[in-house]
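Remember, predicted model here, so these are calculated numbers, not experimental data.
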Amino acid sequence: MNRTIHRLLLFFITVTVTVPSLVNGQTPKGKEQEITEADTFMQREDYAGALAIYNKLLEKSKFSSDEDFTLLYKRAYAFYGAGKFNEALVDINRFLAKTPDPQAKLLRAYINQELGDSEAQLKDLNEFIGTTPDNLELIRWRASVLMTMEKYADARRDIRKILAQDPNPDIQGYLGLSYYYDNQPDSALTIFDEAISSNPANAQSYIYAASLALEEETYEMALQYINKGLTAEPANTTLMFYKGIALVQDEKTEDGCRCLSKAFNAGVDDAGEYLKSFCYGVE
């Protein structure tokens, strides 16, 4: 989990336990101590230890107080931290039915991210961003969800909002990808070219552009991007791998196989398949 969001959620958990609701005028001392112990386990990310306490407390609970539902939220977080996402979803949904808290919706979005439910993620992200419209981290998350859902025009709106405040070439490259996946390769290349022009030392922009050119089978164009990228970053193994592909596909087999061998020896395992296909017996 992103550390900023992780701290935000833990802050919510810690704060809620410091002001428990009273049952019959007081909170039993033993229960308060157990909650404090579980809270300590949570801060240490010892989710198994926290779950043992939450399970015990919730077994006795009749959900007659806000404190009981707070424990349900805590257990949902502990289940999430322990990788038990279905159990976490059950608890957080029950908590939210009682208390529609934005932080809990954010946790549910993380749970649904792990469960691969993009629609549910998007619903909670939209609500949370509605309360914090300038949170670029969450907007970036929503853009990635929209890309996964193939809602590219919506993703571009978010990406452009990010670029207005954080004009870095990596985000610009992501904008280019949104056009490419949306079957607009010319627009994508225009964005990649702009990213290269604004920051020619950033190798990732050349990788995006070269990858697109390889997909389009325009190998000479791919080599132009690759060679410029290798000038900026000579040790980039992805660009070396791409150069090998472009060369062998362009029937420059000997030079291409040398590049593929360099990439494979540098740890690019995918280069092995191209070596088998194009370079068997080539020195």
Side-chain angles (χ1 to χ4, degrees), residues 1-12 80 92 100-216 225 228-229 232-233 236 238-239 242:
M1 181 188 294
N2 178 278
R3 287 291 170 184
T4 301
I5 304 301
H6 178 84
R7 287 194 295 270
L8 191 62
L9 291 167
L10 279 180
F11 174 76
F12 175 76
Y80 172 79
I92 204 64
D101 184 89
Q103 299 288 348
K105 289 180 181 179
L106 179 61
L107 175 56
R108 185 167 65 182
Y110 271 105
I111 294 167
N112 280 314
Q113 182 182 50
E114 296 295 337
L115 292 172
D117 190 336
S118 296
E119 288 284 357
Q121 278 185 79
L122 184 60
K123 181 179 178 181
D124 283 333
L125 282 172
N126 284 339
E127 290 191 28
F128 201 88
I129 291 171
T131 65
T132 56
D134 296 322
N135 189 316
L136 294 186
E137 189 169 6
L138 290 176
I139 293 171
R140 187 189 303 235
W141 181 3
R142 184 172 66 182
S144 70
V145 173
L146 289 167
M147 290 280 281
T148 299
M149 298 173 71
E150 300 183 3
K151 296 184 176 183
Y152 301 118
D154 291 338
R156 282 194 287 276
R157 281 194 287 271
D158 276 351
I159 296 168
R160 290 188 186 282
K161 186 171 183 178
I162 297 167
L163 282 170
Q165 298 184 54
D166 182 18
N168 74 64
D170 290 333
I171 302 299
Q172 201 167 7
Y174 204 53
L175 178 63
L177 288 177
S178 77
Y179 278 108
Y180 182 62
Y181 295 147
D182 204 16
N183 296 315
Q184 301 181 54
D186 291 341
S187 296
L189 275 179
T190 297
I191 298 297
F192 295 145
D193 286 340
E194 289 173 357
I196 289 169
S197 178
S198 63
N199 192 338
N202 183 57
Q204 189 61 51
S205 299
Y206 299 102
I207 290 173
Y208 285 147
S211 178
L212 186 157
L214 288 173
E215 289 287 339
E216 295 295 306
Y225 286 115
K228 289 178 182 178
E233 192 175 308
N236 190 291
T238 300
L239 285 170
Y242 284 180

For residues [X] and [Y], report the shortest heavy-atom separation together with the two atoms involved.
X: Ile92; Y: Ala104; answer: CG1-O, 3.7 Å
X: Ser198; Y: Ala195; answer: OG-O, 3.0 Å
X: Gln121; Y: Ala109; answer: CG-O, 3.4 Å

Report the distance from atom [atom1] of [X] to atom [atom2] of [Y], rounding to the nearest 0.5 Å.
X: Ile171; Y: Ile162; atom1: CD1; atom2: CD1; value: 5.5 Å
X: Glu114; Y: Tyr80; atom1: CD; atom2: OH; value: 4.5 Å
X: Ser118; Y: Leu146; atom1: OG; atom2: CG; value: 9.0 Å
X: Phe192; Y: Leu175; atom1: CZ; atom2: CG; value: 8.5 Å
X: Thr238; Y: Glu233; atom1: OG1; atom2: CD; value: 9.0 Å

Tell me, which pairs form a salt bridge (charged side-chain N to carboxylate O under 4.0 Å, His left out) where one or both residues lie in [range], sequence neighbours left out?
range: residues 180-209; answer: Arg156-Asp182
range: residues 159-180; answer: Arg140-Asp166
range: residues 196-205; answer: none
range: residues 121-133; answer: Lys105-Glu127, Arg108-Asp124

Student check: side-chain heavy atoms of [X] and [Y] closer than 4.5 Å:
X: Tyr152; Y: Met147; value: yes
X: Leu214; Y: Tyr242; value: yes
X: Trp141; Y: Leu106; value: yes
X: Ile111; Y: Leu115; value: yes
X: Lys151; Y: Leu122; value: yes

List in chain and number order the residues that pass side-chain hydrogen bond (donor to acceptor under 3.5 Å, both in side chains) with [X], two or more places apart in sequence or in another chain; answer none if no residue qualifies.
X: Asp117; value: none
X: Asn112; value: none
X: Glu216; value: none

Handout entry: ring-ring contact (aromatic ring centres under 6.0 Å, His included) partners of Tyr174, counting only residues at least two apart
Key = none
Output side-chain donor-acceptor pairs under 3.5 Å for residues 203-211, partner residues at least two apart or in another chain, one line each.
{"unit_1": "Ser205", "atom_1": "OG", "unit_2": "Asn202", "atom_2": "ND2", "d": "3.2"}
{"unit_1": "Tyr206", "atom_1": "OH", "unit_2": "Pro200", "atom_2": "O", "d": "2.8"}

Which residues pass the side-chain contact (heavy atoms from CB on, under 4.5 Å) test with [X], not counting sequence neighbours?
X: Ser187; answer: Tyr179, Gln184
X: Gln165; answer: Leu136
X: Thr132; answer: Phe128, Asn135, Leu138

Problem - Gln172 vs Leu163, side chain to side chain contact (heavy atoms under 4.5 Å, CB included): CA-CA, chis, key distance, verdict - result: CA-CA 7 Å; Gln172 201 167 7; Leu163 282 170; 4.3 Å; yes
